[in-house]
Amino acid sequence: MSQNDTTTPPAGEKLQKVLARAGLGSRREMETAISDGRVKVNGKVAKLGDRVEARNNVSFDDRPVTLRSEEEVPRRVIMYNKPEGELCTRKDPEGRRTVFDRLPRLKGERWIAVGRLDINTSGLLLFTTDGELANRLMHPSTQVEREYAVRVMGEVKREHILAMADGVMLDDGPARFTDIQEFGGEGINTWFHVVILEGRNREVRRLWESQALTVSRLKRVRYGNIFIDKRAKAGEWIELTQGEVDDLSTLAGLETRKVPVLTPDEKNRWNRDKHKRKPVQTMRKPKSR
């Protein structure tokens, strides 16, 4: 190769990354929006693979998008204690309750979910205004631990535990628990705590099902270095402290950034939202007469 043969790096940043940083959703959501023709760059419908610079005019659903550098993006994170029966989607066509229904309102930004939980799984969910932080925490290469409390129905044998620790082949590839600890129980129900490094659909349940065992209760209790605690009951959220956000940023390989102080208007609005959205009550079956 001659000295004149140099490769010029592409100008700008990937469009989905810029949109996620603007607080419009996760990178995956933005990729879908681009594919659906909802994004325009300089008046033309964008396509996947497009890159943009600060001088470009970008619109989302025909509304102008303010392009910001990473340093300009507020990095707020809240922890939500998801009850069973809520969906991890922004809107449900059937009108069922979603996790976003209970979150504090933002102006000019959106909460981005860090991962998902299925409708029958409860526990810790993280939401952030920083699309890059969300993407890093969810990406398989970051290897962030997710810990779950699992109630298993059936006789759990040593060979079951060893098989799930060594790894089993699921429909979408190999999977394994990096840690399995028994926490006791009664009758045919036993509680375990398990750890995985990915966020694949129903992965914890499918691993147990591979051993012909049924998960009767599932709750996420930790994501990375954030543990669910008594600050947020079922259906409630709390904003993470500066130290907790810094720990998450370090885990994601990002520089720490000062968490913005709520303005008086934001503080009043968040307090109203918190008091308006009462904790959900566990649904109980009616007593037989």
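Numbering starts at 1 and runs along the sequence shown. Model, not experiment: these values are computed from the prediction.
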Going from [atom1] on [X] to [atom2] on [Y], what distance comes out if it is rounded to the nearest 0.5 angstrom?
{"X": "Lys82", "Y": "Thr98", "atom1": "NZ", "atom2": "OG1", "value": "10.5 Å"}
{"X": "Lys40", "Y": "Arg63", "atom1": "NZ", "atom2": "CZ", "value": "13.5 Å"}
{"X": "Leu240", "Y": "Leu126", "atom1": "CG", "atom2": "CG", "value": "6.5 Å"}
{"X": "Met138", "Y": "Ser26", "atom1": "CE", "atom2": "OG", "value": "5.0 Å"}
{"X": "Asn120", "Y": "Ser216", "atom1": "CG", "atom2": "OG", "value": "11.5 Å"}
{"X": "Leu117", "Y": "Tyr223", "atom1": "CG", "atom2": "OH", "value": "10.0 Å"}

In the structure I gave you, are the side-chain heavy atoms of [X] and [Y] within less than 4.5 Å of one another anywhere?
{"X": "Leu262", "Y": "Glu239", "result": "yes"}
{"X": "Asn225", "Y": "Leu248", "result": "yes"}
{"X": "Trp208", "Y": "Phe192", "result": "yes"}
{"X": "Pro104", "Y": "Ile78", "result": "yes"}
{"X": "Glu244", "Y": "Val77", "result": "no"}
{"X": "Met79", "Y": "Asp229", "result": "yes"}
{"X": "Glu84", "Y": "Lys219", "result": "no"}

- Task: Start with the C-alpha gap between Glu147 and Arg220, add the side-chain angles, then the distance that decides, and say whether salt bridge (Lys or Arg N to Asp or Glu O under 4.0 Å) holds.
- Result: CA-CA 6 Å; Glu147 182 176 344; Arg220 184 154 68 195; over 6 Å; no

- Query: Between His193 and Phe183, how do the two ring planes meet: parallel, tilted or perpendicular, split at 30° and 60°?
  - Reply: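 Parallel: the ring planes of His193 and Phe183 meet at under 30°.
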
- Step-by-step side-chain hydrogen bond (donor to acceptor under 3.5 Å, both in side chains) determination, Ser249 to Arg75: CA-CA 9 Å; Ser249 302; Arg75 183 175 292 165; 2.9 Å; yes

- Query: Among side-chain atoms of Asp247 and Thr250, is any donor-acceptor pair under 3.5 angstrom?
  - Reply: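 Not at all, the side chains of Asp247 and Thr250 share no donor-acceptor pair under 3.5 Å.
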
- Under 3.5 Å, is there a donor-acceptor pair linking the side chains of Thr121 and Arg205?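 Side chains of Thr121 and Arg205: pair found under 3.5 Å.
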
- Trp111 and Trp237 aromatic centres sub-6.0 Å: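 Not close enough - the centres of the two rings lie 6.0 Å or further apart.
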
Kindly check if the number of other-residue, nucleotide or ligand heavy atoms within 6.0 Å of [atom1] ([X]) is above 12?
{"X": "Asp265", "atom1": "CG", "result": "yes"}
{"X": "Gln143", "atom1": "CD", "result": "yes"}
{"X": "Arg28", "atom1": "CZ", "result": "no"}

- Message: If the threshold is 4.0 Å, N to carboxylate O, is there a salt bridge linking Arg102 and Glu86?
- Response: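 Salt bridge flag = yes for Glu86 with Arg102.
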
- Message: Any salt bridge linking Asp172 with Arg206? Criterion: basic side-chain nitrogen under 4.0 Å from a carboxylate oxygen.
- Response: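 Result for this pair is yes, salt bridge flagged.
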
- Query: If you link I, L, V, M, F, W and Y whenever their side-chain heavy atoms are under 4.5 Å apart, who else ends up in the same group as Val39?
  - Reply: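 Besides Val39, the hydrophobic cluster comprises Leu15, Val18, Leu19, Leu24, Met30, Ile34, Val41, Leu48, Val52, Val58, Phe60, Val65, Leu67, listed by chain and residue number.
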
- Query: side-chain contact (heavy atoms from CB on, under 4.5 Å) with Thr214: which residues, sequence neighbours excluded?
  - Reply: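 So Thr214 forms a side-chain contact (heavy atoms from CB on, under 4.5 Å) with Met153.
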
Tabulate below the donor-acceptor pairs under 3.5 Å that side-chain atoms of residues 173-180 make, not counting sequence neighbours, or state none.
from: Arg176; atom 1: NE; to: Ala165; atom 2: O; distance (Å): 2.9
from: Arg176; atom 1: NH2; to: Ala165; atom 2: O; distance (Å): 3.3
from: Thr178; atom 1: OG1; to: Val195; atom 2: O; distance (Å): 3.4
from: Asp179; atom 1: OD1; to: Gln181; atom 2: NE2; distance (Å): 3.1

- Query: Would Val114 end up clustered with Leu125 when hydrophobic side chains under 4.5 Å apart are linked, directly or stepwise?
  - Reply: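 No, Val114 and Leu125 fall in different hydrophobic clusters.
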
